There are 2 protein chains.
Amino acid sequence: MSSMRYALLSLLAREPLSGYDIKQHMNNRLGPFWKVGSNQVYPELSKMEGEGLVKLQGVEQHTYRPARKLYEITEAGREALIQWTIEPMELEHSVRDDFLLKAYNSWLVEPGQMAVRIAEMKKQHEERLAAYLDKVKELTPLLETSGSSHDPIASSISVVEFGIQYERLYIEWCDKLMSKL
Amino acid sequence: MSSMRYALLSLLAREPLSGYDIKQHMNNRLGPFWKVGSNQVYPELSKMEGEGLVKLQGVEQHTYRPARKLYEITEAGREALIQWTIEPMELEHSVRDDFLLKAYNSWLVEPGQMAVRIAEMKKQHEERLAAYLDKVKELTPLLETSGSSHDPIASSISVVEFGIQYERLYIEWCDKLMSKL
DNA sequence: AGCGTCATGTAAGCGGTTACATGATTAA
DNA sequence: TTAATCATGTAACCGCTTACATGACGCT
């Protein structure tokens, strides 16, 4: 019932991966949208294997290295993922960002100290924006020329573009906050 | 260490409230930015009272109704809140929105079905946007004419304005998704 | 008669974070 | 020599969600 398992399936629907790969993809590539710890990945993969949503494609063994267990999605897994994707949903407590809460308290603190924090936050979001822009540059040439809506790259780009717009809005908001001090 | 307690203190820094009030403020007023359950509010208030961050201002008793315990923030609580607010922080896994994950899977599903979900999501965000706009209209006349950065209303407006921009971006993004189908 | 509001709280469970454990290799 | 990378996993903890419990009033 957790959406975490669907995040794993989302990656496996595109290519076979090991638990380690999945962790890396989420923490580095798909960036800070979704993160996982190994504690979640490995047990969840085992569980899903038991339910037939995922199966072992093979095990790579490089002499000295630990065995690398490659998983692939099954037909049942694909269908479960599609089902979940088209399932109706309600939007929940959207943004639970500590910095928003701090901004809510900005009237309590000295403007000078607040300004430092705003500048720091802005910088971090600028870095994230830059990373997302790089990501788009990296993905765009891989797009199918046909421009089909069934191209996974197109879906990836849509999500990253959300991230870009989000970071831009955050940066603008920081500027506005700053000017109000 | 949880930021939840600072959310409670943030409200109490503005006015004395009961546990019930706090819950209502978070779930209705400050809207879907932050939500709490009673299970968290009441034990946390007790704990904070024990730590001297908050104290009982009095207990209202309306014959038939349950006793209403009004809490106010202490000087120590105020200082703890200010400390937390000006503390440096790093930004974490920002947006963990199920719908983004679903968009990431949109290449797997029929455009027709996806279109329905996008339209639904867009509508929900439009409703939220309308609620935020109302909130700003309600807050703006309460602003101090001086326009001081120490006015809590100004801080409230900043936060709601973030929400407005966020909802606008989300709506635009839904439109873009739709046009790509 | 039944549901919603006010007002306090408790109990159970799960999901996610942080840390730990192993063990060989390669780079600073 | 210390740290990081690859690769799997386990253990402990904590915060949050959902549900339950009480009890009188007021509205439909």
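These numbers come from a predicted model, not from an experiment. Labels below follow one simple rule: chain letters A, B, ... track the order of the sequence lines, proteins then strands, and each chain is numbered from 1. These numbers come from the heavy atoms of this one structure, side chains and all, not from hydrogens, waters or symmetry mates.
Scanning all heavy atoms of the two residues, the minimum distance from W107(A) to A13(B) falls at CH2-O, 3.5 Å. Heavy-atom minimum distance, L11(B) versus Y104(A): CD2-OH, 3.5 Å.
Atom C1' of nucleotide dT10(D) and atom CG of L45(A) are separated by 16 Å, given to the nearest angstrom. E90(A) places its CD atom 15 Å from the P atom of dT17(D), with the value rounded to the nearest Å. For Y42(A) and dT18(C), the OH to C1' distance is 16 Å, given to the nearest whole Å. The separation between Y20(A) atom OH and dA24(C) atom C1' is 14 Å, rounded to whole Å. In this structure, I22(B) atom CD1 and dG9(C) atom C1' are separated by 14 Å, rounded to whole Å. As a whole-Å value, the separation of Y71(B) OH from dG9(C) C1' is 11 Å. Rounded to an integer number of Å, the gap from L17(B) CG to dA7(C) C1' is 14 Å. With rounding to whole Å, L56(A) atom CG is found 14 Å from dA7(D) atom C1'.
Of the candidate nucleotides dG9(C), dA7(D), dC6(C), dC6(C) has the atom nearest to the side chain of Q24(B).
Backbone-only contact: G19(A) has heavy atoms under 4.0 Å from sugar-phosphate atoms and none from a base. Within 4.0 Å of K23(B), counting heavy atoms only, lies no atom of the nucleic acid at all.
Checked by atom type and distance alone, the side chain of Q124(A) pairs as donor or acceptor with a backbone atom of L91(B) at under 3.5 Å.
Between the side chains of K176(A) and S158(B), not a single donor N or O lies within less than 3.5 Å of an accepting N or O.
Place N39(A) and S2(B) on DNA chain D by their nearest nucleotides, and N39(A) ends up nearer the 5' end. Between S46(B) and Q40(A), it is S46(B) whose nearest contact on DNA chain C lies nearer the 5' terminus.
Annotation: the span from F162(A) atom CZ to I164(A) atom CD1 amounts to 12.0 Å, rounded to 0.5 Å.
Distances shorter than 4.0 Å separate some side-chain N or O of S18(B) from OP1 or OP2 on dT8(C).
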